[in-house]
Amino acid sequence: MLSRWGLVAPLICLGAPAIGGAQANQAATRNQTSIAIDERLADDAHLRVGDRVVLSAAPGVGVAGRGDTAVIAAITKQDADPSEVARDDYGIRLHLGDLQRLTGDPDRVHRFAIRTVGGPATDSVRARINDAAFGFHAYRSADVAVGTSRTFQVVSRFHRAIALITIVASGIFLLCILLLRVEERRRDIAALRLMGISRRSVVWSIVLEAALISLVGSALGTGLGWLGSVLINWHYRGVYRTPLAFALVTSHIVLVAVVLAIVLGVGAGYLASTRLVRTPPLTLFGR
Amino acid sequence: MTVTDTLPAPGPNARKPEPIVRVRDAYRDYPMGKETVHALRGVSLEIAPCDNVAIVGPSGCGKSTLLNLMGVVDRPSRGQVLIEGRDAGAMRDREATEFRLRHIGFVFQRFYLMAMLTARENVELPMAEAGVASAERAARARELLDYVGLGARERHRPGELSGGEQQRVAIARALANRPALLLADEPTGELDVRTGAEIIDLFRRLNRDGTAVVVVTHDAELAAAAWRTIHMRDGQIVSQPAR
Ligand SMILES: Nc1ncnc2c1ncn2[C@@H]1O[C@H](COP(=O)(O)OP(=O)(O)OP(=O)(O)O)[C@@H](O)[C@H]1O
Ligand SMILES: [Mg+2]
């Protein structure tokens, strides 16, 4: 099945939305041209479904009163597509026939999309198009996406590297803090050892405390990260008017952060405490 | 109430009891590069069960060193230290730790209570290490806090207690596993005169109830409250009343 709407036509100029009665009647007698416009255009030009506009393929022509009158039949939402984010031009969708008539280029399309029910149907449709339409090649949308999203994959890899460096750096920070925390308590540990608390108990309690600190810390960090991502998304979605998510706290990232924090925390607690309990308590007391 | 019920109170026909501490000609040298510091030079003394001893002397004369030997924290370089008949110098680290846990109570100048734990939890700590069941632990901790006059403060953390109160919690903690011997190094060193007097009172009561108490102190009042005062100078005992 051919998609309901033809391609986005950036070259199409949009005339003044207010249309006189004569033109309106004329439009009504014809088969009415209906279009879909994107949300941002609707917002900026204060257009609603049912409004009439003049479309023209050449700049300025629509304003002069010529061109096709069309009724806005639908307002489309922006896709969450990173390649669309930075584009601030407006998208208008027309029926293929209307578009061809408007551009004066009948029987010519550069690209069109077909929605299938998925599964083997996709391949059979592809095969039939490739056999029947000379000069055309049908691709799966997934394959096209791979091609167009390569840049984003690279950017995303950079982001992952930055995230990893951040996590490792804060992990080392955590390590230092825990080492200091344990070091601060050398006299307490000395007192415990003098009281007859075994090395194992001392190490165990410190490791447990370190694990708890790491766990609570990473939970707080995750919460903070989540809040940050909500704010960032809220801000940039407003700026770019897209449903795209700019910051994501994925379960994978959370898992890496929590595991790293606990491993580092427990490791630091263990190292620092074993070092301290091996030191004679009187030495720990600073004698 | 029998907080310190390890040992039976001496009856009317009791013979002179075996000492719980016996230090025989003990030396403690610290090699410091080419020099050697002779912290103790041939110290001998005995502490009886229920004894109440103050060790006094000028700074650096070896009081703490001697206390550490009696507490099985340190070993003599020469000579012998017997605690309840066991040779402290021959104990391995793990044995010494276990021995301290069950037989010796320590009270420090700076209390060293665990800041995150409540008074009761601090007192329970050595009992938990000794494997005492939790209900019994809680009951004994309450009993001990009552004994030191802090029954109402069991849920308070050290930060919410005054210095004197913290020291009383520390004393309760030292008594947790019913030690026969309580060792205190300058226990009133951080306290004012009035709170120091409370601690002195507490030691006296404790001793009456059957625990041997040895305190190292510069505090004349605390020393005067003991039955015996051992004077030290330059790593030696210069005067020691008979027990
Ligand atoms: N670990 C050590 N290394 C080297 N010298 C030490 C050590 N411990 C103690 N000494 C020395 O041993 C001597 C006795 O020290 P000790 O701490 O027993 O004195 P003290 O009588 O308790 O003094 P104070 O009243 O000031 O506490 C001192 O000269 C001290 O410098
Ligand atoms: Mg001292």
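In what follows, chains are A, B, ... by sequence order, proteins preceding strands, each numbered from 1. These values consider heavy atoms only, across backbone and side chains, with no hydrogens, waters or symmetry-generated copies.
With values rounded to the nearest 0.5 angstrom, Met114(B) atom CE is found 9.0 Å from Ser205(A) atom OG. Residue Phe108(B) holds its CZ atom at 4.5 Å from CG of Leu194(A), rounded to the nearest 0.5 Å. The CG atom of Asn68(B) sits 4.5 Å away from atom CG of Leu282(A), with the distance rounded to the nearest 0.5 Å. To the nearest 0.5 angstrom, Glu129(B) atom CD is 8.5 Å from Arg200(A) atom CZ.
The stretch residues 88-106 of chain B places Asp93(B), Thr97(B), Arg100(B), Leu101(B), Phe106(B) near chain A, each with some heavy atom under 4.5 Å from a heavy atom of that chain.
Heavy atoms from other residues, nucleotides or ligands lying under 6.0 Å from CZ of Arg110(B) number 12 at most. Applying the 6.0 Å contact sphere to CZ of Arg181(A) captures no more than 12 heavy atoms from other residues, nucleotides or ligands. Within 6.0 Å of atom CD in Gln153(A), more than 12 heavy atoms from other residues, nucleotides or ligands are found, so the atom counts as buried in its surroundings. Residue Phe246(A) qualifies as enclosed at atom CZ: its count of foreign heavy atoms under 6.0 Å is above 12. More than 12 heavy atoms of other shown residues, nucleotides or ligands fall within 6.0 angstrom of atom OH in Tyr27(B).
For a residue to count as touching a neighbouring chain, one of its non-hydrogen atoms must lie under 4.5 Å from one of that chain's; by this rule Arg199(A) touches chain B with the side chain only.
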